[in-house]
Amino acid sequence: MTHNILVVEDEAKIASFVQKGLSEEGYHVDWAQDGRAGLEMALTGTAAGRPWDLIVLDIMLPDLDGLDVCRQLRAKGRQVPIIFLTARDGVNDKVLGLDLGADDYLTKPFAFEEFLARCRSLIRKAEQRADTSLRLSDLILDTKQRRVERAGQVIDLSTKEFALLQFLMENSGKVLSRMEISEKVWDIHFDTTTNVIDVHINRLRKKIDHGFDLKLIQTVRGSGYTLGQE
Ligand code: CA
């Protein structure tokens, strides 16, 4: 299936370079020349009425800047992946862009291969999110119905336990530090004086692994936790 990408960029040279390169890779690409047109096209989808799979967004744009376009899309609940492409390389812009809900950021000039790889990765991640079930062995987490079961038995989890398990499942096989877990699941910077993560992991362990021979939640001493078989 062809993926649809919207490029919002006021510099015709860059827009045509990006559009041409992406088209050669088999993407369907449309171009908006300013922020207001970009926002409108982002909201309405392609001319054929299909949703965008990715938006490539410049920051310095006439009418409405890229940060505002991103902010308004997210405020309207649009989850489409957004990658900022911009000449500005200030750290503050990066932080601002990502805080506003952009998914990635590249500074011009950039290597087209790297840009392509990032586009592919963002589209793939979004598609994975769209498939609402996460599975590991006999453990299934349905993000849409917010339901967890193991070996066919439904398991009741608190909101935080659910979020924690979802994060572990989305990264199964990877070792996650307490810092990553606290930032992603609790949205706070990790405080080494608290054992909130360990307490939640232990509760989750009781619910997920207790009574099963195969333990899915593993402690990696000195590093953190991982979900998967030992
Ligand atoms: Ca620009």
Side-chain angles (χ1 to χ4, degrees), residues 1-132 143-144 166-167 170 183-184 187:
M1 199 174 60
T2 308
H3 290 118
N4 300 291
I5 300 180
L6 175 64
V7 176
V8 187
E9 168 65 73
D10 59 321
E11 286 166 72
K13 245 170 116 176
I14 294 172
S16 111
F17 166 69
V18 167
Q19 189 169 24
K20 190 162 168 284
L22 288 171
S23 301
E24 279 168 7
E25 292 296 312
Y27 294 106
H28 169 88
V29 187
D30 280 334
W31 173 36
Q33 293 185 58
D34 63 63
R36 204 162 293 283
L39 178 62
E40 201 181 306
M41 284 170 79
L43 289 169
T44 53
T46 69
R50 300 238 1 258
W52 302 104
D53 296 292
L54 177 69
I55 296 179
V56 178
L57 192 54
D58 184 24
I59 288 189
M60 299 280 277
L61 286 166
D63 291 341
L64 197 62
D65 74 27
L67 297 172
D68 279 327
V69 173
C70 179
R71 188 184 291 120
Q72 291 196 34
L73 282 172
R74 294 302 185 235
K76 289 180 197 300
R78 300 305 174 95
Q79 297 299 316
V80 56
I82 294 174
I83 180 169
F84 277 124
L85 270 194
T86 175
R88 288 160 71 172
D89 60 356
V91 168
N92 286 341
D93 281 349
K94 290 188 193 181
V95 171
L96 192 54
L98 297 175
D99 280 353
L100 289 174
D103 301 274
D104 207 349
Y105 190 105
L106 260 186
T107 305
K108 298 173 203 167
F110 52 89
F112 198 76
E113 278 307 314
E114 186 185 358
F115 169 65
L116 264 184
R118 301 233 192 153
C119 291
R120 267 196 297 269
S121 156
L122 289 172
I123 291 172
R124 190 175 58 237
K125 278 193 209 149
E127 284 180 340
Q128 284 166 350
R129 276 200 299 273
D131 177 1
T132 60
T143 54
K144 203 162 188 180
Q166 182 173 347
F167 183 58
E170 284 168 346
E183 286 182 359
K184 292 285 163 44
D187 206 18

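- Taking the side chain as every heavy atom from C-beta outward, Phe115 and Lys108 never approach each other to under 4.5 Å.
- Listed here is the closest heavy atom pair of Pro81 and Ala126: CG-CB, 3.6 Å.
- Under the rule for a side chain to side chain contact (heavy atoms under 4.5 Å, CB included), Ser16 has no partner lying at least two apart in sequence or in another chain.
- Nearest heavy atoms, Ala102 versus Cys70: N-SG, 3.8 Å.
- Judged as a side chain to side chain contact (heavy atoms under 4.5 Å, CB included), and not counting sequence neighbours, the contacts of Asp68 are Leu64, Asp65, Arg71.
- Within the structure, the salt bridge (charged side-chain N to carboxylate O under 4.0 Å, His left out) test picks out the following pairs touching residues 24-47 (sequence neighbours left out): Lys20-Glu24.
- Taking the side chain as every heavy atom from C-beta outward, Val18 and Glu9 never approach each other to under 4.5 Å.
- Within the 4.5 Å cutoff, side-chain heavy atoms of Ile123 are placed close to those of Ile5.
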Could you list the donor-acceptor pairs under 3.5 angstrom formed by side chains in residues 47-56, with sequence neighbours left out?
unit_1: Trp52; atom_1: NE1; unit_2: Met41; atom_2: O; d: 2.8
unit_1: Asp53; atom_1: OD2; unit_2: Asn4; atom_2: N; d: 2.7

Discussion item. Go through it in stages, so that I can follow the logic: the residues are Lys184 and Glu170, the test is salt bridge (charged side-chain N to carboxylate O under 4.0 Å, His left out), and I'd like the CA-CA distance, side-chain angles, deciding distance and then a yes or no.
Written reply: CA-CA 12 Å; Lys184 292 285 163 44; Glu170 284 168 346; over 6 Å; no
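- Each of Leu106, Asp104, Leu67 was compared with Phe84 under the side-chain contact (heavy atoms from CB on, under 4.5 Å) criterion, and only Leu67 meets it.
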Practice prompt. Determine, step by step, whether Ile82 and Leu73 satisfy the side-chain contact (heavy atoms from CB on, under 4.5 Å) criterion, reporting the C-alpha distance in whole Å, the side-chain angles of both residues, the deciding distance to 0.1 Å, and the verdict.
Written response: CA-CA 10 Å; Ile82 294 174; Leu73 282 172; 4.0 Å; yes
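- Contact of the Val69 side chain with the Val8 side chain is not registered, since no non-hydrogen atoms from C-beta on lie closer than 4.5 Å.
- With contacts defined as side-chain heavy-atom distances shorter than 4.5 Å, the pair Thr86/Asp58 qualifies.
- By the 30° and 60° cut-offs, the orientation of the rings of Phe112 relative to Phe17 is perpendicular.
- Residues meeting the side chain to side chain donor-acceptor pair (under 3.5 Å) test with Gln33, sequence neighbours left out: none.
- With sequence neighbours excluded, the residues that form a side chain to side chain donor-acceptor pair (under 3.5 Å) with Glu114 are Arg118.
- A distance of 10.0 Å separates OH in Tyr105 from CG in Leu85, rounded to the nearest 0.5 Å.
- With rounding to the nearest 0.5 angstrom, the CG atom of Leu57 is 9.5 Å from the CG atom of Leu39.
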